[in-house]
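Working notes, structure below.
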Amino acid sequence: MTQRTALVTGGTGGIGSAIIRYLAGQGHKVATNYRDEAKAEAWRAAMAKDGIEVCMVQADVTDPEACVAMARVIEEKCGPVEILVNNAGITRDTTFHKMNYQQWTDVINTNLNACFNVTRPVIEGMRARKWGRVVQISSINGQKGQYGQANYAAAKAGMHGFTISLAQENAKFGITVNTVSPGYVGTDMVMAVPEEVREKIVAQIPVGRLGRPDEIAHAVAFLTREETAWMTGANLAINGGQYMGW
Ligand code: CAA
């Protein structure tokens, strides 16, 4: 196996942490950004306890200049980014007729514009080296829409539009670009949905339960493997059967 350097944005979150663990377990060097110093330090200590050293850079993914600087720091500390997972994401759920501009732009900036900010500084290096893996973490709700998530669904659907364009532009450079669209996974983000609403959603999942972060990380790791070189522009839906559109 070739050891690569992987950047997972939002690595301190539920799904991000699982992806970091999985990629580190495969022998890759792992990096992530963070915003809150104290939270990041506690997270770093927990990962170190499990023998995982993470290169951590303070950077807000909504800030293009900070993302350029982050790519530079990671390259200096652990080598150029060869695997990128655009995972950072937030929700600001409310029905559209009550949504304010801030709730709209916060979600579009963090979930979609960040894909530009983080990918742009690393894509040229991937093209020059003729190898790269880019994975967008989208959502079931980008595929089917969701009551109360016009902002989030728009951003998540946009992420796959980004994937399929980038996949075409970079196929000849040994770079694959794919999307993973998780359904409802038992993370803080999903547990923040009011319990009675969440119970109704779980009732719509044929497998009968929320997903686990490692079940998403497993698919991301698969997409970053050498053997997955012919798979590009795909959208892997992992949602316990809640949405089976194709
Ligand atoms: N379909 C139809 N009607 C619905 C509905 C749905 N799916 N969900 C709610 N409603 C109805 C309610 O029954 C209620 O109807 P009545 O007024 O007739 O009683 C009405 O909508 C409530 O509407 P409000 O505008 O008053 O909404 P609210 O302020 O009470 O809150 C909400 C609405 C914030 C959207 C809340 O329902 C909610 O949190 N929903 C869950 C949204 C969700 O799934 N978020 C996912 C977060 S996790 C994530 O995003 C990760 C991922 O990728 C999967």
Side-chain angles (χ1 to χ4, degrees), residues 8-20 22 32 35 61-62 84-115 118 134-164 178-221 223 234-246:
V8 181
T9 64
T12 59
I15 290 178
S17 296
I19 297 171
I20 296 249
Y22 233 97
T32 192
R35 285 183 303 171
V61 294
T62 66
L84 169 62
V85 184
N86 281 309
N87 166 73
I90 59 167
T91 53
R92 295 287 182 268
D93 293 357
T94 181
T95 42
F96 184 69
H97 61 278
K98 294 182 192 168
M99 189 179 291
N100 62 39
Y101 186 66
Q102 196 67 45
Q103 291 167 322
W104 174 263
T105 49
D106 281 354
V107 170
I108 300 293
N109 282 338
T110 304
N111 297 25
L112 180 59
N113 289 340
C115 291
V118 179
V134 181
V135 181
Q136 270 63 250
I137 305 300
S138 178
S139 165
I140 183 176
N141 293 341
Q143 298 177 282
K144 69 168 188 55
Q146 171 61 35
Y147 199 103
Q149 287 201 309
N151 48 3
Y152 186 84
K156 292 297 191 182
M159 288 173 82
H160 189 57
F162 175 72
T163 288
I164 55 186
N178 292 288
T179 298
V180 170
S181 291
Y184 285 76
V185 176
T187 59
D188 290 349
M189 183 185 271
V190 166
M191 298 322 269
V193 173
E195 196 177 351
E196 68 280 9
V197 177
R198 205 174 56 240
E199 278 171 5
K200 283 187 192 145
I201 292 169
V202 174
Q204 295 163 10
I205 304 175
V207 173
R209 61 168 174 85
L210 295 174
R212 295 192 315 264
D214 64 282
E215 291 174 315
I216 306 305
H218 175 73
V220 174
L223 289 171
N235 183 13
L236 277 188
I238 306 171
N239 56 39
Q242 191 186 348
Y243 182 72
M244 299 185 186
W246 60 296

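Values below: every heavy atom of this structure, side chains too, minus hydrogens, waters and symmetry copies. Counting starts at 1 for both ligands and their atoms, in listed order. The first residue of the sequence shown is numbered 1, and numbering continues consecutively from there. What you see is a predicted model, and the numbers here were worked out from it, not measured in a lab.
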Kindly confirm or rule out an N or O of Thr94 lying under 3.5 angstrom from an N or O of ligand 1.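 N/O-N/O distance under 3.5 Å: no.
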So, regarding Ser138 and ligand 1 (criterion: nitrogen or oxygen to nitrogen or oxygen, under 3.5 Å), is there a contact or not?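 No, Ser138 has no N/O under 3.5 Å of an N/O on ligand 1.
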When you look for heavy atoms under 4.0 Å from ligand 1, do you find them on the side chain of Lys156, its backbone, both, or neither?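 It is neither; nothing of Lys156 touches ligand 1.
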Please work out whether any backbone atom (N, CA, C, O) or any side-chain heavy atom from C-beta onward of Pro194 is under 4.0 Å from ligand 1, and answer side chain, backbone, both or neither.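 Pro194 to ligand 1: side-chain contact only, backbone stays beyond 4.0 Å.
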Which of the numbered atoms in ligand 1 are under 4.0 angstrom from any heavy atom belonging to [X]?
X	value
Lys98	24 (P), 25 (O), 26 (O), 27 (O), 29 (O)
Ile201	44 (O)
Thr95	25 (O)
Val197	40 (N), 41 (C)
Ser139	52 (C), 53 (O), 54 (C)
Asn141	54 (C)
Val190	48 (S)
Thr91	50 (O)

Tell me which protein heavy atom sits closest to atom 1 (N) of ligand 1, plus the residue, atom name and distance to 0.1 Å.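 That would be Tyr147 CD1, 3.4 Å.
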Would you say [atom] makes contact with the protein, given that contact here means a non-hydrogen protein atom less than 4.0 Å away?
atom	result
atom 24 (P) of ligand 1	yes
atom 46 (C) of ligand 1	yes
atom 3 (N) of ligand 1	yes
atom 32 (C) of ligand 1	no

Not counting sequence neighbours, which residues clear side chain to side chain donor-acceptor pair (under 3.5 Å) with Gln102? List them please.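 Scan of Gln102 (side chain to side chain donor-acceptor pair (under 3.5 Å), adjacent residues dropped) gives Asp106.
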Is there a side-chain contact between Ile15 and Met189, using heavy atoms and a 4.5 Å cut-off?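 No, too far: nothing below the 4.5 Å cut-off.
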Any Arg198 heavy atom less than 4.0 Å to ligand 1: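 No.
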Does ligand 1 have an atom that lies less than 4.0 angstrom from a heavy atom of Val185?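 No.
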Lys156/Gln136 under side-chain contact (heavy atoms from CB on, under 4.5 Å): CA gap, chis, key distance, verdict: CA-CA 9 Å; Lys156 292 297 191 182; Gln136 270 63 250; over 6 Å; no
Does Asp188 CG have over 12 foreign heavy atoms under 6.0 Å away?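 Open: at most 12 neighbouring heavy atoms sit under 6.0 Å from CG of Asp188.
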